[in-house]
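Data block below; observations after.
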Amino acid sequence: MYARPISCNLSGPVLAALPSSVPPTIVLAVSGSIAAYKAVEVARLLKKAGARVIPLLTRSAREFVGAQTLAGITGEPVHEEMFDPGYPGEKHVELGRTADLVLIVPATADLLARIAAGRADDLLTALVLCARGPVLAAPAMHPRMWGHPATQRNVATLAADGRVSLIGPVEGEVASGERGMGRMADPAEIAHAALAAVETRDLAGIRIVVTAGPTVEDLDPVRFLGNRSTGKMGFAVAERAASRGASVTLVAGPVALATPRGVTRVDVRGALAMKEALWEAMGPDLGRADALIMSAAVADYRPAEQSATKRKRSAEALEIKLIPNPDLLAEVGAARTGTRPVLVGFAVETADDAGIVAYARGKLQAKRVDMVVANHAQDSFGREDNRATIVTANDAEALGVMSKRDLADRILDRVAQRCR
Ligand code: CTP
């Protein structure tokens, strides 16, 4: 009988918390299996996510994947030999000290056996013994090899030692065309597990409500008033908050974005529906949330009347009466009695830099919030990056152009400080 794969338990020896601004360093070690080519995709995904990736090839891995490919993707020299005349010092010790994670993709049956036995007869096995951080391995082999008692004994030893975690293998087709347990986990799953292993969990235990996207105000069953918000900023905040360990509820207007992993999403259309979902998430006394990050572009007005049927065209000019929507953030600000929940507003303006800070300060006071993230409409809407100023009662930190993901981290760094 095949043993179940070990789930990804990364309670490993030392998992240093990385400040979000410091990119993690991952040693990506490739051993000799046909699945080795998929390590290139893992390297690409890790680089894309902002990690520094140091490639390592075992001797047999060189039969399957070229050092040039890995060097090209990672921008780092490839380490292959334990004894390297050109390298000052002990390579396995130095890599073990540098790596926030040693990631082995793929891990062969032979490699698992050697690690389980505590061998140190090549660079990778010596590095595994010397690593200060966690080690995560993605086994790949023929199902009969995985199911063999010797392999299962080695897997059980690794689990008992608690120093090497496995992701996969999974059930599926293997290189020979046969099916069974032994196929390597999907590269995206491996990259996600690797990033989760090096992620700082500074928001663990913190409950964050995020609003994102536009609200749209229906005129009739086919027409609405809306705005240009795409929701990217709020979704980035929700994704980063969840990755950093927060429990996140995302109240989203109509947007075409996938729900970030681990996030509870509530979809709404209009401002009144967003208000209802927001208070449901925060609780009537605001006790269900430690922070609210209000990035939604809530419509300030809605049509006084909604037609139940489609309005017909006429030759006359059409006047539509709009009535004000409630200010959702200001209502929460007015209801808050102490310092919790931490309240973060956004202000998208068309003024100059000094003007947007002045508007943001006004909103800070009027809505009784802790900080306002101010930006220019042209720097923000629909873009992948943003240029913002974080305005609080005491300061205004002008940030340069950065990805929405990085801006989300900067906002969350401040939320984390206030939640301590
Ligand atoms: N906001 C809100 N409810 C509204 C309008 C805005 O909760 N009806 C929130 C937004 O989510 C944002 C902040 O208030 O966090 C500022 O939004 P913004 O549209 O810039 O400000 P307004 O108060 O609407 O002021 P103006 O449109 O006049 O600049």
Side-chain angles (χ1 to χ4, degrees), residues 208-218 224-238 241 249-255 266 268-282 286 289 291-304 322-336 341-382 386-393 396 404 407-408 410-412 414-415:
I208 300 185
V209 176
V210 182
T211 66
T215 64
V216 302
E217 307 296 338
D218 289 322
F224 60 83
L225 300 175
N227 62 64
R228 296 187 190 192
S229 168
T230 57
K232 285 181 181 167
M233 188 65 235
F235 273 61
V237 171
T249 303
L250 172 63
V251 181
V255 291
V266 183
V268 297
R269 273 183 76 75
L272 296 183
M274 182 168 277
K275 172 177 168 166
E276 200 178 315
L278 183 60
W279 281 90
E280 177 62 33
M282 311 274 302
L286 304 178
L292 166 64
I293 301 177
M294 192 79 198
S295 79
V298 184
D300 287 326
Y301 298 92
R302 68 181 184 278
L322 300 177
I323 55 172
N325 271 329
D327 186 325
L328 312 193
L329 184 56
E331 287 184 349
V332 173
R336 179 176 68 163
V342 174
L343 300 180
V344 181
F346 276 70
V348 178
E349 308 286 357
T350 51
D352 60 15
D353 280 6
I356 70 161
V357 172
Y359 280 132
R361 267 260 140 73
K363 286 175 190 177
L364 194 76
Q365 281 159 8
K367 297 176 195 248
R368 303 176 64 182
V369 300
D370 301 298
M371 64 188 110
V372 170
V373 182
N375 45 203
H376 298 271
Q378 72 272 22
D379 289 341
S380 171
F381 277 144
N386 201 341
R387 183 172 73 89
T389 302
I390 299 183
V391 180
T392 65
K404 288 187 172 169
L407 177 56
R410 302 295 279 268
I411 296 164
L412 291 167
R414 286 180 174 251
V415 168

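Bear in mind that the values here come from a model prediction, so they are computed numbers and not experimental data. Each residue takes its place number in the sequence, starting with 1. Start at 1 and go down the list; that is how both ligands and their atoms are numbered.
Between Val209 and Leu278 the shortest side-chain heavy-atom distance falls below 4.5 Å.
For ligand 1, the atoms lying closer than 4.0 Å to a non-hydrogen atom of Ala296 are 10 (C), 11 (O). Every atom of ligand 1 is numbered from 1 in the order shown, and the set under 4.0 Å from a heavy atom of Gly345 is 15 (O). Those atoms of ligand 1 with a heavy atom of Asp300 less than 4.0 angstrom away are 4 (C), 5 (C), 8 (N), 24 (O), 27 (O). Taking every heavy atom of Ala347 and a limit of under 4.0 angstrom, the matching atoms of ligand 1 come to 20 (O).
Looking at Leu329 next to ligand 1, an N or O pair under 3.5 Å apart turns up.
Distance from atom 21 (O) of ligand 1 to its nearest protein heavy atom, with residue and atom name: Lys363 NZ, 3.1 Å. Closest protein heavy atom to atom 2 (C) of ligand 1: Asp327 OD1, 3.3 Å.
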> Hey, mind stepping through Val373 and Arg414 against side chain to side chain contact (heavy atoms under 4.5 Å, CB included) and telling me if it holds?
Replying inline: CA-CA 11 Å; Val373 182; Arg414 286 180 174 251; over 6 Å; no

> Would Asp327 and Lys363 satisfy salt bridge (Lys or Arg N to Asp or Glu O under 4.0 Å), going step by step from the backbone distance to the final call?
Replying inline: CA-CA 11 Å; Asp327 186 325; Lys363 286 175 190 177; over 6 Å; no

>> Test side chain to side chain contact (heavy atoms under 4.5 Å, CB included) on Leu272 and Arg302; report intermediate values, then the result.
In response: CA-CA 9 Å; Leu272 296 183; Arg302 68 181 184 278; 3.6 Å; yes

>> Using the rule given for side chain to side chain contact (heavy atoms under 4.5 Å, CB included), can you reason through Lys232 versus Val255, listing the C-alpha separation, both sets of side-chain angles and the distance that settles it, and then say yes or no?
In response: CA-CA 9 Å; Lys232 285 181 181 167; Val255 291; over 6 Å; no

>> Please determine whether side chain to side chain contact (heavy atoms under 4.5 Å, CB included) holds for the pair Leu329 and Leu292, giving the CA-CA distance in whole Å, both sets of side-chain angles, and the decisive distance to 0.1 Å.
In response: CA-CA 9 Å; Leu329 184 56; Leu292 166 64; 4.0 Å; yes

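At least one heavy atom of Pro326 lies less than 4.0 angstrom from ligand 1. The shell of residues lying under 4.0 angstrom from ligand 1, judged by heavy atoms, includes Lys367.
Other residues, nucleotides and ligands place no more than 12 heavy atoms under 6.0 Å from the CD atom of Glu276.
In this structure, atom 28 (O) of ligand 1 has no protein heavy-atom contact shorter than 4.0 Å. Inside a 4.0 Å radius of atom 19 (O) of ligand 1 there is not any protein heavy atom.
For atom 3 (N) of ligand 1, the nearest non-hydrogen atom from the set Leu292, Val373, Leu328 belongs to Leu328. Counting heavy atoms only, Phe346 comes closest to atom 17 (O) of ligand 1 of the residues Tyr301, Tyr359, Phe346.
No donor-acceptor distance shorter than 3.5 angstrom exists from the side chain of Asn386 to the backbone of Leu407, with no hydrogens or angles considered. For the pair Arg361 (side chain) and Ile356 (backbone), a donor-acceptor distance under 3.5 Å is absent.
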